[in-house]
Amino acid sequence: MSNPLRLFATAATFLTRLPLARWSYAEPAQLAAAAPYFVLVGALVAAIAAAAAWLSLQLLPPALAPWAALAAAVITTGGFHEDGLADTADGLGGGYTRERKLEIMRDSRIGSYAALALAAVLGGKYLALASLAPAQLFAALWLGHVLARWSVLPLAAWLAYAREGQAANKPVADGIGPTQVIVGTVFALLLVAPFGRLALLAAAASLIVALLAGLYFRAQLGGITGDTLGAANQVVELTCYLVCAGAQRWI
């Protein structure tokens, strides 16, 4: 039986730059088994981002707190999900056939579609977080990072891997099934439940956005890749921040 702590370390090593590789599993099958722990890694990233925002609030003008939170999250993950968003935007925006889209997504260079997508998503995140009071800011970061990592699970379980052959993300994209989705969903619900109605709204919006993203990826590519999962992660995170911003105004 797999060790839960090692599975968490495996998930954290895959999704972040945190130095936990010595405690993680190296086998591809264990990476798929660690998928439910992506949600817990999201909570850890949220805690780091919230700590950066809190420190910024103590030392700097309040407007810089959202920037500190976003910067801390990007540094922690190495821009892993943002890179997926950029590659997905370039591929889907610049390709006319499925094969060409997948080919463009392999190119590490940043094109105009990638730059626009990053500017829109990162700018939207900052503006949404900047509209929140400190307590709501911390709640938004928690909900956003937890639910964004959760969104990978149903997409990977529902959709086929779009590329032929082996790839670094294939064990995750192909290895996630109903068990991982259920366990990950339980983790996510336990983590967001303390936020009550706000959590319910954010979770519902995250599910809808993830499903719409999945339909779009299936229509465009015939399935998902690691890059599209990163793109979905970013869009779901932005969605949670927008929900929190709207809830602060209307609820």
Side-chain angles (χ1 to χ4, degrees), residues 10-18 21 24-32 34-35 38 41-42 45 70 73-125 148-177 180 209-238:
T10 302
T13 300
F14 181 68
L15 294 178
T16 75
R17 296 291 181 89
L18 298 174
S24 67
Y25 290 109
E27 301 82 3
Q30 295 292 355
L31 181 56
F38 289 177
V41 175
V45 175
L70 294 174
V74 169
I75 292 170
T76 302
T77 65
F80 185 57
H81 309 295
E82 288 80 3
D83 180 68
L85 171 67
D87 289 341
T88 299
D90 269 343
L92 297 182
Y96 292 98
T97 65
R98 173 182 176 275
E99 292 72 21
R100 179 57 179 156
K101 291 170 184 175
L102 290 171
E103 181 184 354
I104 292 172
M105 288 165 65
R106 284 192 183 277
D107 192 333
S108 60
R109 292 172 294 180
I110 294 290
S112 57
Y113 290 105
L116 290 169
L118 288 171
V121 171
L122 291 173
K125 287 184 190 179
R149 271 66 179 188
W150 168 83
S151 69
V152 170
L153 303 180
L155 288 179
W158 167 35
L159 297 171
Y161 191 69
R163 295 189 187 279
E164 297 179 358
Q166 293 294 321
N169 293 313
K170 188 175 174 64
V172 177
D174 269 356
I176 295 176
Q180 287 95 329
V209 169
L211 290 176
L212 290 175
L215 290 171
Y216 182 65
F217 297 147
R218 185 171 66 175
Q220 294 292 315
L221 303 172
I224 48 110
T225 68
D227 286 330
T228 62
L229 293 178
N233 172 293
Q234 288 296 286
V235 175
V236 169
E237 184 184 338
L238 172 60

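The first residue of the sequence shown is numbered 1, and numbering continues consecutively from there.
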Answer yes or no: is there a donor N or O on one side and an acceptor on the other, between the side chain of [X] and the main chain of [Y], under 3.5 Å?
X	Y	result
R163	T225	no
R17	T77	no
Q234	A231	no

Heavy-atom side-chain contact between [X] and [Y] under 4.5 Å:
X	Y	result
T88	M105	yes
R149	V45	yes
Y25	T13	no
R106	L102	no
F80	N233	no

From [X] [atom1] over to [Y] [atom2], what is the distance, rounded to the nearest 0.5 angstrom?
X	Y	atom1	atom2	result
I104	L92	CD1	CG	9.0 Å
L155	L211	CG	CG	7.5 Å
W158	L153	CH2	CG	14.5 Å
I224	L229	CD1	CG	4.0 Å
T228	L85	OG1	CG	11.0 Å
L221	Y161	CG	OH	11.0 Å

Result block: side-chain N/O donor-acceptor pairs under 3.5 angstrom for residues 108-117, not counting sequence neighbours:
residue: R109; atom: NE; partner: D107; partner atom: OD1; Å: 3.1
residue: R109; atom: NE; partner: D107; partner atom: OD2; Å: 3.1
residue: R109; atom: NH2; partner: D107; partner atom: OD2; Å: 2.7
residue: Y113; atom: OH; partner: G93; partner atom: O; Å: 3.4

Looking at every heavy atom in both [X] and [Y], which two are closest together, and how far apart are they?
X	Y	value
Q180	A32	NE2-O, 3.5 Å
Q30	T10	O-CG2, 4.3 Å
V236	A148	CG1-CA, 3.8 Å
L15	H81	CD2-CE1, 3.9 Å
A232	A213	CB-CB, 4.5 Å
S151	P154	O-CD, 3.5 Å

Margin query: Please determine whether a side-chain nitrogen of the Lys or Arg among R100 and E103 lies less than 4.0 Å from a carboxylate oxygen of the Asp or Glu.
Written below: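 Counted as a salt bridge, because a side-chain N and a carboxylate O are separated by less than 4.0 Å.
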Note to self: Over 60° means perpendicular and under 30° means parallel, so tell me whether F14 and F38 are parallel, tilted or perpendicular.
What the structure shows: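 Because their plane-to-plane angle is under 30°, the rings of F14 and F38 count as parallel.
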